[in-house]
S.K.: 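Before we start, here is the structure in question, set down as structure tokens.
Chain identifiers are assigned alphabetically (A, B, ...) following the order of the sequence lines, protein sequences preceding nucleic acid strands; residue numbering begins at 1 within each chain. All of these numbers come straight from a predicted model, not from anything done at the bench.
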Number of protein chains: 2
Amino acid sequence: MSISSRFAVGIHILSLLEINKDQVNTSEWIASSVNTNPVVIRKITGYLKNAGLVHVRPGIAGACLARDIKEISLLDVYKAVNVVQENELFGVHEQPNPACLVGKNIQQAIEPLFASAQLALEKALENVTIADVVSDIIKRDQSGMVENKKPGDL
Amino acid sequence: MSISSRFAVGIHILSLLEINKDQVNTSEWIASSVNTNPVVIRKITGYLKNAGLVHVRPGIAGACLARDIKEISLLDVYKAVNVVQENELFGVHEQPNPACLVGKNIQQAIEPLFASAQLALEKALENVTIADVVSDIIKRDQSGMVENKKPGDL
DNA sequence: TTACATGTAATAATATAAGTTACAGGTTGC
DNA sequence: GCAACCTGTAACTTATATTATTACATGTAA
């Protein structure tokens, strides 16, 4: 089981809005880049809007960034798209037997451990910004073009 | 969306096997502590057995630990119960448009970022053992008992 | 051989993800 | 105003995973 691809798509959308900032980025256009349905894009763009990451309005074509991409961390996106509820990355079994020493105390024992693991994950996401992703995309594309220009390479 | 509670249940089972090591821990008995069906326990116990964490045999009642609990990290359990496939904690959208600069490079750009976040999570789980959980359970229970002995406390 | 445990297949109920259709409501240009 | 086009959203479908449950085959021991 994986964390919903809404997270990856959210990163995709924000990167696209930056790289394509001179164009009008409609949900249909974004969807053709992500390779999905425009409604899926509008839904995720709605999440990003609620988090204050993009500007988008009914009736007006196109979304655009609401913040400098250096100020948008992957954690911002992760939280925006609601792929994991607050402190619920790890599921726990409900109502273990309180008559058992283990059942009575297991939840309180593992809660802080799970929380700290989740925090470690979030810290890692906090250290990366959309600007990092965008510059990596551009870098990869340039090196890819160089490779293509050299016959025999691969 | 949460990571399957199989992980939490796996920790519960191993802790119970330690605390209750003088008894015969049948799947039915464990199930009554976890508050679930014995078949669920047998399935998870099977995962733990495949990972070399417990001993359990067909026809013979009860499971027992195969390793010192100081040598069983939460990461061992996490991997044993197959809640997340290798390097697939984060889902990604399939087949983004290769004709688009972003679509063409987004996956390779985010893959290492996701991998490093996942690694941070796993490192956190690696630093905690079942021994830590067991001693915490015992500690919590003792302090709980003290509280119960003082009327008026709460 | 009886009693009982584990292993496992099959099924059902529930939840979530992701795609799709349909349409309401907002905006712009003619 | 109205036609064209966009976003927002509800409703539905399909697919997949989880958890619980029943049923039964297989293994062990008194």
Side-chain angles (χ1 to χ4, degrees), chain A residues 1-10 12-13 17 23-51 54-64 66 78 81-85 88-97, chain B residues 1-10 12-13 17 23-51 54-64 66 78 81-85 88-97:
Chain A
M1 186 238 28
S2 296
I3 290 172
S4 166
S5 66
R6 280 203 304 274
F7 181 29
V9 173
H12 187 138
I13 292 172
L17 292 185
Q23 278 185 231
V24 174
N25 293 285
T26 65
S27 64
E28 191 166 1
W29 160 251
I30 299 173
S32 79
S33 171
V34 172
N35 188 26
T36 184
N37 192 288
V39 176
V40 173
I41 299 300
R42 293 204 284 274
K43 203 172 295 182
I44 296 174
T45 304
Y47 284 126
L48 299 176
K49 177 187 179 181
N50 287 339
V54 304
H55 291 308
V56 54
R57 282 186 306 175
I60 302 181
C64 60
Y78 173 86
V81 296
N82 281 306
V83 284
V84 172
Q85 305 305 67
E88 289 187 8
L89 176 58
F90 296 98
V92 290
H93 49 301
E94 299 302 317
Q95 301 179 325
N97 191 343
Chain B
M1 185 242 26
S2 294
I3 290 172
S4 165
S5 66
R6 279 203 303 276
F7 181 29
V9 173
H12 187 138
I13 292 172
L17 292 186
Q23 278 186 230
V24 174
N25 293 285
T26 65
S27 63
E28 190 167 2
W29 160 250
I30 299 173
S32 79
S33 171
V34 172
N35 187 27
T36 184
N37 192 288
V39 176
V40 172
I41 298 300
R42 292 204 286 271
K43 202 171 297 181
I44 296 174
T45 304
Y47 283 126
L48 299 176
K49 176 187 178 180
N50 288 339
V54 303
H55 291 308
V56 55
R57 282 187 305 176
I60 302 181
C64 60
Y78 173 85
V81 296
N82 281 305
V83 285
V84 171
Q85 305 306 68
E88 289 187 8
L89 176 58
F90 295 98
V92 289
H93 49 302
E94 298 303 317
Q95 302 177 326
N97 191 342

S.K.: Any chance you could measure B/Gln23, atom CD, to B/Cys64, atom SG, to the nearest 0.5 Å?
M.R.: 13.5 Å
S.K.: I want to check something: taking the side chain as every heavy atom from C-beta on, are A/Leu48 and A/Val56 in contact at a cut-off of under 4.5 Å?
M.R.: no
S.K.: Measure CD1/A/Ile44 against P/D/dT7 and give the value in whole Å, please.
M.R.: 14 Å
S.K.: Can you check the A/Gln85 CD to C/dT16 C1' distance for me, whole Å?
M.R.: 11 Å
S.K.: Strictly under 4.0 angstrom, non-hydrogen atoms only: write out the protein contact profile of nucleotides 25-30 of chain D, one letter per nucleotide from the 5' end, B, S or -.
M.R.: --BS--
S.K.: Hey, does A/Gly62 reach any base, or is it just sugar-phosphate, or nothing, if we go heavy atoms under 4.0 Å?
M.R.: sugar-phosphate
S.K.: Which atom names give the shortest non-hydrogen contact between B/Val54 and B/Lys49, and what distance separates them?
M.R.: CG2-N, 3.6 Å
S.K.: Restricting to non-hydrogen atoms, name the atom on A/Ser2 and the atom on B/Gly91 that form the minimum distance, rounded to 0.1 Å.
M.R.: CB-N, 3.7 Å
S.K.: Could you tell me the separation between the NE2 atom of A/His93 and the C1' atom of D/dA20, rounded to a whole number of Å?
M.R.: 15 Å
S.K.: Just how far, in rounded Å, is P of D/dT18 from CD1 of B/Ile3?
M.R.: 11 Å
S.K.: Can a side chain N or O of B/Ser5 be found less than 4.0 Å away from OP1 or OP2 on D/dT19?
M.R.: yes
S.K.: Taking the side chain as everything from C-beta on, heavy atoms only, tell me whether B/Val81 gets closer than 4.5 Å to B/Val9.
M.R.: no
S.K.: When all nucleic acid strands are considered with a 4.0 Å heavy-atom cut-off, which category describes B/Gly46: base, sugar-phosphate, or nothing?
M.R.: nothing
S.K.: Over how many whole Å does the gap from A/Asn82 atom CG to C/dT16 atom P extend?
M.R.: 12 Å
S.K.: Could you give the distance from CD1 (A/Ile30) to CD1 (A/Ile44), rounded to the nearest 0.5 Å?
M.R.: 10.0 Å
S.K.: Measure CD/B/Gln95 against C1'/C/dG19 and give the value in whole Å, please.
M.R.: 14 Å
S.K.: Which residue, A/Asn37 or B/Ala63, contacts DNA chain C at a nucleotide closer to its 5' end, judged by nearest heavy atom?
M.R.: B/Ala63
S.K.: Counting only side-chain nitrogens and oxygens, does B/Ser4 get under 4.0 Å of the OP1 or OP2 atom of D/dT19?
M.R.: yes
S.K.: Please list all pairs meeting side chain to side chain donor-acceptor pair (under 3.5 Å) that have one or both residues in residues 27-39 of chain A, counting only residues at least two apart or in different chains.
M.R.: A/His12-A/Ser33, A/Asn25-A/Trp29, A/Ser27-A/Arg42
S.K.: Give me, pair by pair, the N or O atoms of the protein and of nucleotides 9-15 of chain C that are less than 3.5 Å apart, along with how far apart they are.
M.R.:
none

S.K.: Going by the rule side chain to side chain contact (heavy atoms under 4.5 Å, CB included), which residues pair with A/Ala66 if we only count those two or more places apart in sequence or in a different chain?
M.R.: A/His55
S.K.: Can you list, in residue-number order, the parts of residues 26-36 of chain A that come under 4.0 Å of DNA chain D, counting heavy atoms only?
M.R.: A/Thr26, A/Ser27
S.K.: Hey, does A/Met1 have a side-chain heavy atom less than 4.5 Å from the side chain of B/Val83?
M.R.: no
S.K.: To the nearest angstrom, how far is B/Met1 atom CE from D/dT18 atom P?
M.R.: 10 Å
S.K.: Rounded to the nearest Å, what distance is computed from the CD atom of residue B/Glu94 to the P atom of nucleotide C/dA17?
M.R.: 17 Å
S.K.: Using the test side chain to side chain contact (heavy atoms under 4.5 Å, CB included), find all partners of A/Glu94 that sit at least two apart in sequence or belong to another chain.
M.R.: A/Val92
S.K.: Check whether any side-chain heavy atom of B/Ile41 lies under 4.5 Å from a side-chain heavy atom of B/Thr26, and answer yes or no.
M.R.: no
S.K.: The criterion is ring-ring contact (aromatic ring centres under 6.0 Å, His included); which residues satisfy it with A/Tyr78, sequence neighbours excluded?
M.R.: A/Phe7
